[in-house]
Amino acid sequence: MDEVNEHKKLKVAFFGTSDRSIPILEKLNETFELVLCVTKNDVKVGRHQKLKETEVKKWAKTNNVKYVTISGLKGTDLEKVIEQLNNSNVDFVLVADFSFIIPAPLIETFPKKLINIHFSLLPKYRGASPVQHAILNGDSITGITIHLVEKRMDSGDILHQIGYKMAGNETSGTLYDLLFKLAAENITEVLERYSQGQITQIPQDEDSATYTYSPTQPQSTFIFKEDAEIKWKSPADVIERKIRAYNPWPIAWTLAEYLEKNPKLSGRNFILRSNINKESKIRIHSAELDDQNKLKIRTLQPEGRNKINWEEFENGYVLPVIQEPKGLKDKLLNRDKTD
RNA sequence: CGCGGGGUGGAGGAAUGGCACCUCGUCAGGCUCAUAAUCUGAAGGUCCCGGUUCGAAUCCGGGCCCCGCAA
């Protein structure tokens, strides 16, 4: 019986670069014959620009799965990938959080065999930052979509969708973790059913498609550092969502001076001590809303410093503004005059 | 050796060659029905090694560690 199953095992390839891919790889490897991993070349990383291999490559090495690393899906890299896929007689290619756009030649060579996991309920939030946008917009539900890869970004027919009810305190980091886990739990079943022709493909409704364009670079769906600047004119809840959406990267930030006497902030008014440059950036790692709907910063990070919590910030960088009773100031001024 | 910033009691920060200081915390005591409130007092510190100097947190050399940029 085992032997029969061996023969029927689907041959699957995986394209991905994210560190979070490992649970998916484990599942694929358990259930199918994982014939190939395609991931990014080693990248220079960290302060000393050391070469680092992706987690996918590391995993493939330790699990004796064949892998190919590429710098982009074109030219000789693309030829290499297509050749390897052909050699291994692949049934499906699963793409998840890959750094590269799947080019037309690859889609044409393996029609209906390229399957992508997208981290939103398509056709909402097509593009590179669906999770961040779900948080930014304060959605109460998001999820994952398993769909066929077409030439247009995230536009192919839907095989399966799984919703996820948001608690309202997710960061992009924690939400990505949850959604990857959800994907890992479901991907093998979807692939199996698809291979047996049990899935009805659902075309996406183009009219309701939305994209995750960057506010500062509207031609791109990626996240940029400038996107993460806090606009204090925004309502406090919008700012709070922004802080969660841009964690763990790039982290929401503001110029230090904007924290002074800021009516949107919870607690006492203050001015900055002279030991901090008012034009330096302060990164806001986490915050919440207090009962008056004001922003209560939890952890933050001045330039060149470690991340600290709000109490530590007050101890080291802040002078409270004493709120004088109305009229007292005039009284004092008048007294000075009469003296 | 990719580029820049930094390392000061338990935490966060001042002090640029001359008595190591501030806020918070800790401990003891006072006040209090009580307290995270308040008052008094105390303990505890310059990342490591070497150099310059009458004198180094501060200047110089080496090391370790942290942060940002970059990817």
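Below, all heavy atoms of this structure are taken into account, side chains as well, without hydrogens, waters or symmetry copies. Protein chains get the first letters and strands the later ones, always in sequence-line order, with residue 1 at the start of each. Keep in mind that this is a model prediction, so the values were computed, not measured.
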Novice: What is the pairing partner of B:C59, taking Watson-Crick or G-U wobble pairs with both distances under 3.5 Å in any strand?
Specialist: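 Paired with B:G51.
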Novice: Please determine, for B:G17, whether a Watson-Crick or G-U wobble partner exists with both distances under 3.5 Å, and give it or none.
Specialist: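 With both distances under 3.5 Å required, B:G17 matches none.
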Novice: Please give the distance between the P atoms of B:A14 and B:G7 as a whole number of Å.
Specialist: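 8 Å, rounded to whole Å.
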Novice: Any strand counts, and the cut-off is 3.5 Å on both contacts for Watson-Crick or G-U wobble. Which nucleotide pairs with B:G44?
Specialist: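 No nucleotide pairs with B:G44.
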Novice: Taking B:G41 as the reference, what is the distance to B:G4 when you measure between their P atoms (whole Å, please)?
Specialist: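 Straight-line distance between the two P atoms is 48 Å.
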Novice: Is there a side-chain contact between A:K44 and the phosphate of B:C69, meaning an N or O under 4.0 Å from OP1 or OP2?
Specialist: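 No.
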Novice: Once you apply a heavy-atom cut-off of 4.0 Å, does A:Q301 come out as touching a base, just sugar-phosphate, or nothing?
Specialist: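 The residue A:Q301 makes sugar-phosphate contact but no base contact.
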Novice: A:N247 side chain to A:I243 main-chain N or O, any donor-acceptor pair under 3.5 Å?
Specialist: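 No, because the side chain of A:N247 does not come within donor-acceptor range (under 3.5 Å) of the backbone of A:I243.
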Novice: Ignoring hydrogens and geometry beyond distance, is a side-chain donor-acceptor pair present between A:E55 and A:W59 at under 3.5 Å?
Specialist: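 No, no side-chain donor-acceptor contact under 3.5 Å.
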Novice: Using the closest heavy atom to pick a nucleotide of RNA chain B for each, name whichever of A:I276 or A:H285 lands nearer the 5' end.
Specialist: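 With A:I276 and A:H285 compared, the 5'-side residue is A:I276.
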Novice: Between atom NZ in A:K307 and atom P in B:A11, what is the gap in whole Å?
Specialist: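 Roughly 17 Å, once rounded to whole Å.
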Novice: Any salt bridge linking A:E206 with A:R152? Criterion: basic side-chain nitrogen under 4.0 Å from a carboxylate oxygen.
Specialist: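 Counted as a salt bridge, because a side-chain N and a carboxylate O are separated by less than 4.0 Å.
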Novice: Check every strand shown and say whether A:R283 touches a base, only sugar-phosphate, or nothing at a heavy-atom separation below 4.0 Å.
Specialist: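 Counting heavy atoms under 4.0 Å across all strands, the contact made by A:R283 is with sugar-phosphate only.
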Novice: Please pick, from B:C24, B:C66, B:A70, the nucleotide with the shortest atom-to-atom distance to any side-chain atom of A:N306.
Specialist: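 Minimum distance to the A:N306 side chain belongs to B:C66.
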Novice: Expressed as a whole number of angstroms, how long is the span from A:N309:CG to B:U23:P?
Specialist: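 Spelled out: CG on A:N309 to P on B:U23 is 19 Å.
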Novice: So for A:E311 and B:A11, does any side-chain atom that can act as donor or acceptor lie under 3.5 Å from a complementary atom in the base?
Specialist: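 Flag unset: no donor-acceptor pair detected.
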Novice: According to the Watson-Crick and G-U wobble definitions, with both distances under 3.5 Å, which nucleotide is paired to B:G2?
Specialist: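 Here B:G2 is engaged in a pair, and the nucleotide opposite it is B:C69.
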Novice: Rounded off to whole Å, could you give me the OH-to-P distance for the A:Y317 and B:A11 pair?
Specialist: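 In whole Å, B:A11 P lies 14 Å from A:Y317 OH.
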Novice: Please report, rounded to the nearest Å, how far the C1' atom of B:U23 is from the CG atom of A:N275.
Specialist: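 To the nearest whole Å, that distance equals 11 Å.
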Novice: Side chains of A:F32 and A:T188: closer than 4.5 Å at any heavy-atom pair?
Specialist: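 Yes, side chains in contact.
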Novice: Take the protein atom CG of A:L272 and the nucleotide atom C1' of B:G12, then report the distance between them rounded to whole Å.
Specialist: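 Spelled out: CG on A:L272 to C1' on B:G12 is 14 Å.
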Novice: Within the side chain of A:R20, is there an N or O that forms a donor-acceptor pair under 3.5 Å with the backbone of A:D97?
Specialist: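 The answer is no, because no donor-acceptor pair under 3.5 Å joins these two groups.
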Novice: Base, sugar-phosphate, or nothing: which does A:V45 touch, judged by heavy atoms less than 4.0 Å apart?
Specialist: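 If one applies the 4.0 Å heavy-atom cut-off, A:V45 turns out to touch a base.
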Novice: Quick one: look up who B:C64 pairs with, Watson-Crick or G-U, both distances under 3.5 Å, and put none if it's unpaired.
Specialist: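 B:C64 is paired with B:G7.
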Novice: Ignoring hydrogens and geometry beyond distance, is a side-chain donor-acceptor pair present between A:S208 and A:D205 at under 3.5 Å?
Specialist: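 The answer is yes; a qualifying pair exists.
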Novice: Within 45 degrees of the ring normal and closer than 6.0 Å to the centroid, is that where the cationic atom of A:K281 sits relative to A:W253?
Specialist: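 Yes.
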Novice: Give me the distance, rounded to whole Å, that separates B:A71 from B:C19 when you measure between the P atoms they each carry.
Specialist: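 It works out to 47 Å between them.
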Novice: Considering only atom P, compute the distance from B:G68 to B:G13 and round it to an integer number of Å.
Specialist: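 Between the two P atoms, the distance is 14 Å.
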Novice: For the C1' atoms, the ones on B:G63 and on B:G10, what distance do you get once it is rounded to whole angstrom?
Specialist: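 My reading of the C1' atoms in B:G63 and B:G10 gives 26 Å.
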Novice: Check the orientation of A:F100 and A:F98. Use parallel for under 30°, tilted for 30 to 60°, and perpendicular for over 60°.
Specialist: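 Plane angle over 60°, so perpendicular.
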Novice: Among A:K52, A:K50, A:K57, which residue meets the side-chain hydrogen bond (donor to acceptor under 3.5 Å, both in side chains) test with A:D42?
Specialist: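 Going through A:K52, A:K50, A:K57 one by one, the side-chain hydrogen bond (donor to acceptor under 3.5 Å, both in side chains) with A:D42 is satisfied by A:K57 alone.
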Novice: Strictly under 3.5 Å: I want the nitrogen or oxygen pairs between protein and nucleotides 5-8 of chain B, one per line.
Specialist:
unit_1	atom_1	unit_2	atom_2	d
B:G5	N2	A:G304	O	3.4

Novice: On the nucleotide B:G2, are OP1 or OP2 found under 4.0 Å from the side-chain N or O atoms that A:K50 carries?
Specialist: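 Indeed not, no polar side-chain atom of A:K50 lies that close.
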Novice: Any strand is fair game: report the nucleotide pairing with B:G12 by Watson-Crick or G-U wobble, both distances under 3.5 Å, or none.
Specialist: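 Base-paired to B:C22.
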Novice: In the strands shown, is B:U35 matched to any nucleotide by a Watson-Crick or G-U wobble pair with both distances under 3.5 Å, and which?
Specialist: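 Its partner is none (no Watson-Crick or G-U wobble pair with both distances under 3.5 Å).
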Novice: Quantified in whole Å, what is the P atom distance between nucleotide B:C24 and nucleotide B:U40?
Specialist: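 Approximately 12 Å lies between the P atom of B:C24 and that of B:U40.
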Novice: Nearest-nucleotide wise, let me know which of A:E312 and A:V43 is further upstream toward the 5' end of RNA chain B.
Specialist: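 It is A:E312, whose closest nucleotide lies nearer the 5' terminus.
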Novice: Expressed in whole Å, how much space separates the P atoms belonging to B:U23 and B:A70?
Specialist: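 39 Å, rounded to whole Å.
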Novice: Check if the side chain of A:R47 and the base of B:G2 share a donor-acceptor pair of N or O atoms closer than 3.5 Å.
Specialist: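 Side chain to base: no pair present.
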Novice: To the nearest angstrom, how far is A:L300 atom CG from B:G13 atom C1'?
Specialist: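 Distance, rounded to whole Å: 13 Å.
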Novice: Rounded to the nearest Å, what distance is computed from the NZ atom of residue A:K281 to the C1' atom of nucleotide B:C67?
Specialist: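 These atoms are roughly 15 Å apart.
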Novice: Indicate, with a heavy-atom threshold strictly under 4.0 Å, whether A:K40 touches base, sugar-phosphate, or nothing.
Specialist: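 Counting heavy atoms under 4.0 Å across all strands, no contact is made by A:K40.
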Novice: Can you find a side-chain donor-acceptor pair between A:D139 and A:Y125 that sits under 3.5 Å?
Specialist: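 Yes, because at least one side-chain N or O of A:D139 sits under 3.5 Å from a partner of the opposite role on A:Y125.
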Novice: Please state the C1' separation for the pair B:C49 and B:C64 - nearest whole angstrom.
Specialist: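 Pairwise C1' distance, B:C49 against B:C64, rounds to 11 Å.
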Novice: Rounded to whole Å, please give me the gap between CD1 in A:I251 and C1' in B:A70.
Specialist: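 Value for this atom pair: 17 Å.
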